[in-house]
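Below: one structure, written as C-alpha cells.
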Amino acid sequence: MDVLTYAGFDPGKWRKKLDKLVEAIGRDDFRSADLKKLAPTTYYRLKLDDASRVLVRFVRHRDRTVCLVLEIIEHHAYDKSRFLRGAKIDESRIEEATPAQARDEAEPVRYLHPGRAAFHMLDKPLSFDDAQEAIYRQHPPLIIVGAAGSGKTALTLEKLRQAEGEVLYVTLSPWLARNARDLYHAHGYENPAQEAQFLSFREFLETLRVPSGREVDFATFQGWFARHRQQYRFTEAHPCFEEFRGVIGSRPDGVLGREAYLALGPRQSIYEPDQRGAIHDLFGKYRSWLKENDLFDSNLIAHEWRQLAEPRYDFVVIDEVQDLTSAQLALILRTLRTPGHFLLCGDSNQIVHPNFFSWSAVKSLFWADPALAERQTLAVLDANYRNTSEITRVANTLLKIKQARFGSVDRESNHLVRSVADAAGEARLLPDKDAVLRDLDARTRASTRFAVLVLRDEDKEAARAVFHTPLVFSVHEAKGLEYPNIILYRFISGQRGAFAEICDGVDAASLERDTLDYRRAKDKHDRSLELWKFYVNALYVAITRAVERLYVIESDQAHPLLRLLDIRAHGDELDMQAAKSSREEWEREAQRLALQGKQEQATAIRQSILKDRPVPWPVWNEELLRATMRQAYDPKQVSTKPRQLLMDFAIWHHAENHIEAMVEQGWPNAIQLLRRWRDGSADRARQSLKTRYFGLYDRNVKDVLFQCDQYGVDHRNVADATPLMFAVEAGNVPLVEALLDRGADIAQRDLFGQTAQSYALARAARDADYAQGPFARVYPLVALPDLDVEVDGRLVRLGAHQGEYLLFQLMLAGLKTLASLSYNDDISDVSRRAGFDAAYLMRNIAHFPRAIWHEDRRKRVYFNGVLARAEIGSSYAPARKLWLRMRNGNYLPNPALRLRVRTRAGEEQWQPIYHVLNLAMVEQGNGRGPGRLGPAYRFLLEQAGIAPAPPPPEIY
C-alpha cells in the first residue's frame with residue numbers, strides 16, 4: 001500500500017522511525033506498524049515508539065488505496081491532536097486493525113496523482129494534478145481560469161495558506177465566502193503567521209462602512225422599471241439592469257457621465273448610440289429612486305467609498321471574479337499593501353450577473369503598472385472532477401457553438417473542459433407533453449437529488465404548475481448549486497428567437513474539433529455577443545449544475561441548438577425508478593438552502609414536504625410573557641395561573657426580580673420560595689420544572705426526534721428554546737449529533753438572544769463536570785465560526801481564534817444571569833456587580849479543552865489584557881471598542897454595538913446588541929424599572945443605540 005504525507009509535514013527527530021513505518025505499510029505489514037483504529041473516530045494510529053504515535057487515515061481512488069500520514073502525537077497526548085479535536089481516546093481499549101478493514105473503510109476520493117507523495121487537506125484529502133501543482137508553486141500576481149468542478153476554489157485556499165500577515169478571501173456570494181471559511185479552517189487548521197478574513201463583497205463594503213438600507217436586487221429593480229416601461233419600449237428590465245451595473249457604473253475611475261457614455265464604442269454597450277441618451281436619463285432617475293427608498297447599489301457604493309479603502313491586506317484572493325465589476329474589483333485591490341500580492345480566479349463562461357465582465361478589462365487594471373503587468377501569470381485549469389463525461393460533452397459543445405458564432409471572447413476563456421469522472425452520465429431530451437411531465441414529476445418530486453431549472457425568475461410559476469418539487473430555481477439562484485439530476489424546463493423553447501440567434505450560421509462540421517482556435521469576431525461593430533451572452537452563459541451554467549444526468553424538456557425538439565448540442569430524444573418512456581428521499585434528507589436540504597440564502601425553496605420544503613405543525617403547548621416568548629405580566633401584577637387578578645406561569649419562567653431563567661416583585665405584592669408562594677432560596681428550594685423547583693417540561697433531553701434521542709418529525713427540527717419548546725439548545729445544555733452528544741445531521745440551525749436564538757453555543761458556555765461556566773466532560777465534544781459542533789459586530793458604523797468580524805471572541809461570547813451567554821442569586825455565592829456582591837470581570841469570565845476555564853482555548857490564554861493577566869485592549873477609549877490598534885468599562889476591571893458590552901443576527905424567518909439583520917439580548921426583559925420587574933443590577937443596567941438602557949459615553953461617577 002502506498003503512503004502519502006501531509007504537505008508541509010516535517011517528522012523532525014522521528015524521521016528514521018517514521019521511514020520504517022512507511023516501509024512496513026508499503027509491504028502491507030500492518031502488524032509491524034501496530035496499526036489500530038481510534039474508535040469512535042475515522043482515524044487510525046501507527047506505533048512510533050512506546051510513547052508516541054502517528055495519526056493516519058485511508059482513502060481510495062478506484063482500485064487504489066493509500067495511507068495518509070497526518071501528524072505525530074507525542075506522549076499519548078491525543079487531546080492535543082489537531083485532527084482529533086479533543087476526542088477522548090482510551091488506548092488500552094482500542095483493537096488491532098487489519099489491511100482488509102483499512103481498505104473497506106477507506107474514504108473514496110475523486111482523484112489521486114499516480115506519482116506524487118504529498119497530499120493536501122481541507123475538509124477532505126486533496127491530491128493535485130500536474131496543472132494544479134504548477135499553480136500551487138507559482139508566485140503572485142496570479143490569475144486562475146477554471147470551469148465549475150476544476151478545483152480552483154480548493155487550490156486558491158491552499159495558496160491562501162501560504163501567505164503571511166493580514167490576508168483576505170472575497171467573493172460576491174455570502175454562501176461561497178462562508179463555505180470557503182469552513183473549508184479553510186477544517187480539522188482545526190490555524191496559521192499563526194496570518195490573520196485571515198473571508199468576506200462576501202457586501203461584507204467587504206461593511207468593513208469600510210455599513211451601508212444604510214437594503215441592497216437593490218433585480219426583482220426590486222424590475223418593479224421600478226415597470227413604472228417607466230411606456231417611455232422605454234425599446235428595452236427590457238434585464239438588459240437595462242446590466243447596462244446600469246456593467247457599463248455606466250462599472251468603471252474604476254467613476255460613473256460614466258453622459259458625454260463619455262454616448263462616446264462609447266459599439267461593442268462597449270448593449271444599446272445603439274441613439275438610445276443611450278434616454279438610458280442615461282433613466283440612470284439618473286434610478287439613483288434618485290435608490291436614495292428615496294433607502295436602497296443602495298453596491299457598484300455605486302464602490303465609487304463613493306473609494307477614499308475609505310486604505311492599504312490593509314498583505315495578500316488578497318478574489319474568487320468568482322467574473323461576478324464582480326471592474327469598479328468593485330478596483331476597490332478591493334486598493335486595500336492591498338503591496339501591489340501584485342493577489343490571486344484572481346473565475347470562469348467568464350459562468351457570467352449571469354449583470355457586469356459586462358471580460359478578462360481583458362481585468363488585465364487593463366494592471367497595465368497601468370508595467371512591472372506588475374510583466375509579473376502576472378495566467379493559468380488555466382481544464383480538468384473537471386465533478387460532472388460526468390456526457391454532461392461535460394454537452395457543456396463543451398455549447399462552448400464550441402458560442403465560439404463559432406461569436407468568435408473568441410478572449411484568450412483566457414478560449415478552452416474546453418476535460419472530464420476525469422468515472423461515470424458516463426446521461427443527457428436526455430424529453431417532449432413537453434402532459435403525460436411525460438406527469439410521469440417525470442411523479443418519479444422526482446419526492447427526491448432531493450432532482451432540481452428543476454428555468455431561465456428567469458418569472459418562469460418559475462409555470463414550472464411549479466407542472467413539477468411539485470420545492471427545488472425549482474432560476475439560473476441566478478442555481479449558480480453555485482449542484483444536484484445529481486437537473487431538469488431544464490422550456491429553457492430553449494421559451495426563448496426560441498434568442499437561442500436561434502446563438503446558433504445562427506453554425507453547422508455541425510464546425511463543432512467537430514476538440515480544441516478552440518483563438519479568433520476574434522470579424523465585424524468589430526457586431527454586438528451580438530453582448531446581446532445574447534446572458535442566454536448562452538445561462539444555459540452553460542444550467543447544464544453544469546447537473547453532476548450525473550440532464551433532462552431537457554422542450555416542445556420545439558427540432559430547434560437547431562438542440563441538434564447542434566446532440567441531445568437526442570428517447571421517446572416518451574422514462575426508464576428511471578421513482579426516487580424518494582427521507583425526511584432527514586429533506587431537513588438537511590432545507591437547512592443547506594437557507595444558509596445559501598435560498599429562503600424561497602427552503603420555505604417550500606418545510607411547507608410542502610416536511611409539513612411542520614405549530615407546537616401545541618404555550619411558549620414562553622415575549623408576547624406571552626408580557627400578557628402574563630400584565631395579569632400577574634394586576635391587583636384585581638383572582639386567578640393564580642398568571643403568577644405561577646411567571647414564577648416558573650423566573651425560576652427557569654434565574655430572573656429573581658420577578659419573584660421579588662410578587663413578594664412585594666404579598667403572594668405567599670413567592671414569599672416562601674424567596675425565603676428559602678439559598679437552602680436549595682430554587683434548585684428543587686428548577687428540577688421539578690425540568691422533569692415536567694424538559695426531562696426528555698437528558699438521555700433521550702428517539703422522543704425528541706419524534707417531536708421534530710411533527711413540529712420541525714428547530715421547533716420551540718416551552719422555554720422558547722430549540723431542541724438543539726436543550727440537547728447541548730444536557731450534554732446529550734448523540735442527540736446533538738442527530739439534530740445537526742437533520743439540519744438543526746446553530747444560529748437560532750431564544751428569547752434572550754442565546755444560541756446553542758451560549759447554552760454550552762453557560763453550562764460549562766457553572767458546572768466543572770460538564771466543562772471537562774461533554775463540553776469538549778458538544779462545543780465544536782455548535783460554535784459559530786465568527787461573530788459580526790458593527791462598531792462605529794463598520795463591520796468588525798471576530799474569528800474564533802481571536803482572544804476577544806470567546807470573552808465576548810461568554811458575556812453574551814452570561815448577561816441574563818449576571819446578577820442572579822443562583823449564579824453567585826456572595827449575595828452582597830451581586831447587588832453591586834457592575835459587569836463582567838476577569839474572574840467571572842474565567843469560571844472553569846481551566847477545564848476547557850485545548851482545542852477550544854489554548855493553554856497560554858488561561859491566565860488572568862491574559863483576560864485582563866484582552867478586556868483592556870478592546871474597551872471603548874483603548875489606544876490598542878485595531879480599536880475594536882467591544883465593551884464599556886463600568887468601573888475598574890468590570891465591563892459590559894458596548895451599548896452602541898449592533899450584532900448581525902439571523903431571524904427565525906431566515907433573514908439576516910443588524911440589530912442593537914441589547915435588543916438581541918432582550919435587556920428590557922432581563923430588567924423587567926413589575927413595571928418599576930431596572931431591577932437588581934440597577935445602576936449599570938439603567939445606564940445601558942438609556943444608552944442603547946446612542947453613541948456611548950463613560951458612566952457618570954455619581955452612579956457609584
Side-chain angles (χ1 to χ4, degrees), residues 172 201-202 205 211 213-229 231-293 295-307 309 321-334 348 351-362 364-365 409 476 525 527-534 537:
L172 185 68
F201 182 73
R202 164 73 183 269
L205 287 178
R214 179 172 59 89
E215 185 171 8
V216 66
D217 55 20
F218 176 72
T220 307
F221 175 85
Q222 190 173 32
W224 171 79
F225 180 83
R227 305 205 304 263
H228 300 272
R229 188 72 181 85
Q231 294 95 340
Y232 292 87
R233 289 187 173 276
F234 61 86
T235 187
E236 300 289 340
H238 283 94
C240 186
F241 196 44
E242 177 163 356
E243 189 82 351
F244 285 2
R245 299 282 298 261
V247 180
I248 300 177
S250 69
R251 301 299 175 93
D253 53 352
V255 174
L256 282 177
R258 184 183 182 85
E259 295 304 316
Y261 176 56
L262 295 178
L264 290 177
R267 300 189 66 178
Q268 293 178 300
S269 170
I270 293 175
Y271 294 99
E272 299 288 352
D274 60 353
Q275 297 172 333
R276 293 183 196 166
I279 291 295
H280 201 276
D281 291 343
L282 186 61
F283 177 72
K285 297 176 182 177
Y286 169 69
R287 299 184 76 171
S288 299
W289 169 71
L290 292 175
K291 186 177 296 185
E292 292 166 1
N293 291 273
L295 298 168
F296 70 90
D297 183 326
S298 61
N299 207 44
L300 300 179
I301 292 288
H303 295 298
E304 296 172 13
W305 290 356
R306 193 176 180 192
Q307 298 308 314
V321 67
Q322 76 277 355
D323 293 338
L324 299 170
T325 67
S326 294
Q328 293 167 335
L329 181 58
L331 182 70
I332 297 169
L333 295 178
R334 191 177 174 87
S348 62
I351 300 169
V352 293
H353 293 278
N355 61 8
F356 242 73
F357 174 90
S358 71
W359 285 111
S360 59
V362 170
S364 68
L365 289 174
V409 178
H476 281 97
H525 294 273
R527 293 183 296 110
S528 299
L529 177 59
E530 285 70 33
L531 293 173
W532 311 118
K533 176 179 64 179
F534 166 77
N537 285 358

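Only this structure's heavy atoms are used, side chains among them; waters, hydrogens and symmetry mates stay out. The residues of the chain are indexed from 1 along the displayed sequence.
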Q. At their closest point, which heavy atom of Leu262 faces which heavy atom of Gly277, and how far apart are they?
A. CD2-N, 3.6 Å

Q: List the steps, then state whether side-chain contact (heavy atoms from CB on, under 4.5 Å) holds for Ser269 with Glu243.
A: CA-CA 7 Å; Ser269 170; Glu243 189 82 351; 2.4 Å; yes

Q: Would you check if Phe283 and Tyr261 make a side-chain contact, meaning some heavy-atom pair closer than 4.5 Å?
A: no

Q | Beyond-backbone contact of Phe296 with Leu290, side-chain heavy atoms, under 4.5 angstrom | A | no

Q: Supply the atom-to-atom distance Ile279 CD1 to Tyr286 OH, rounded to the nearest 0.5 angstrom.
A: 13.0 Å

**Q.** Side-chain heavy atoms of Thr235 within contact of Ile270, under 4.5 Å
**A.** no

(Q) Once rounded to the nearest 0.5 Å, what's the spacing between atom NE2 of His476 and atom CZ of Phe218? (A) 7.5 Å

**Q.** Minimal non-hydrogen separation, Pro239 against Tyr271, with atom names
**A.** C-OH, 3.5 Å

Q: Report yes if some heavy atom in the side chain of Ile301 is under 4.5 Å from a heavy atom in the side chain of Leu331; otherwise report no.
A: no

**Q.** Heavy-atom side-chain proximity of Leu324 to Ile332 below 4.5 angstrom
**A.** yes

Q) Going through the checks in order, is the side-chain contact (heavy atoms from CB on, under 4.5 Å) test met by Leu329 and Val321? A) CA-CA 8 Å; Leu329 181 58; Val321 67; 4.1 Å; yes

Q: Classify the ring geometry between Trp289 and Trp224 as parallel (under 30°), tilted (30 to 60°) or perpendicular (over 60°).
A: parallel

**Q.** Gln328 side chain vs Ala302 backbone, donor-acceptor pair below 3.5 Å
**A.** no

Q.
Tell me the closest heavy-atom pair linking His303 and Gly249, and the distance in Å.
A. NE2-O, 2.8 Å

Q | The single option from Asp297, Asp217, Asp323 passing salt bridge (Lys or Arg N to Asp or Glu O under 4.0 Å) against Arg245 | A | Asp297

Q. Among Arg258, Gln231, Arg276, whose side-chain hydrogen bond (donor to acceptor under 3.5 Å, both in side chains) with Asp281 holds?
A. Arg258

Q: Give a yes or no answer on whether the side chain of His228 reaches the backbone of Leu282 with a donor-acceptor pair at less than 3.5 Å.
A: no

Q) With distance as the sole test, does His280 use its side chain to make a donor-acceptor pair with the main-chain N or O of Leu256 at under 3.5 Å? A) yes

(Q) Pair Gln222, Phe241 - check side-chain contact (heavy atoms from CB on, under 4.5 Å), show working. (A) CA-CA 8 Å; Gln222 190 173 32; Phe241 196 44; over 6 Å; no

Q. Just wondering, do Leu295 and Glu215 contact through their side chains at under 4.5 Å, heavy atoms?
A. no

Q: Please assess Cys240 against Phe221 for the test side-chain contact (heavy atoms from CB on, under 4.5 Å), listing each intermediate value before the final yes or no.
A: CA-CA 10 Å; Cys240 186; Phe221 175 85; 4.0 Å; yes

Q. Going by heavy atoms in the side chains, are Asn293 and Arg214 under 4.5 Å from each other?
A. no

Q: Nearest 0.5 Å please: distance from the CZ atom of Phe225 over to the OH atom of Tyr232.
A: 8.5 Å

Q | For Arg229, side-chain hydrogen bond (donor to acceptor under 3.5 Å, both in side chains) partners two or more places apart | A | Glu236

Q | Exam field: side chain Ser288 to backbone Gly284, donor-acceptor pair closer than 3.5 Å | A | yes

(Q) Quick check: closest heavy atoms across Ser250 and Thr325, and the distance to 0.1 Å? (A) CB-CB, 4.1 Å

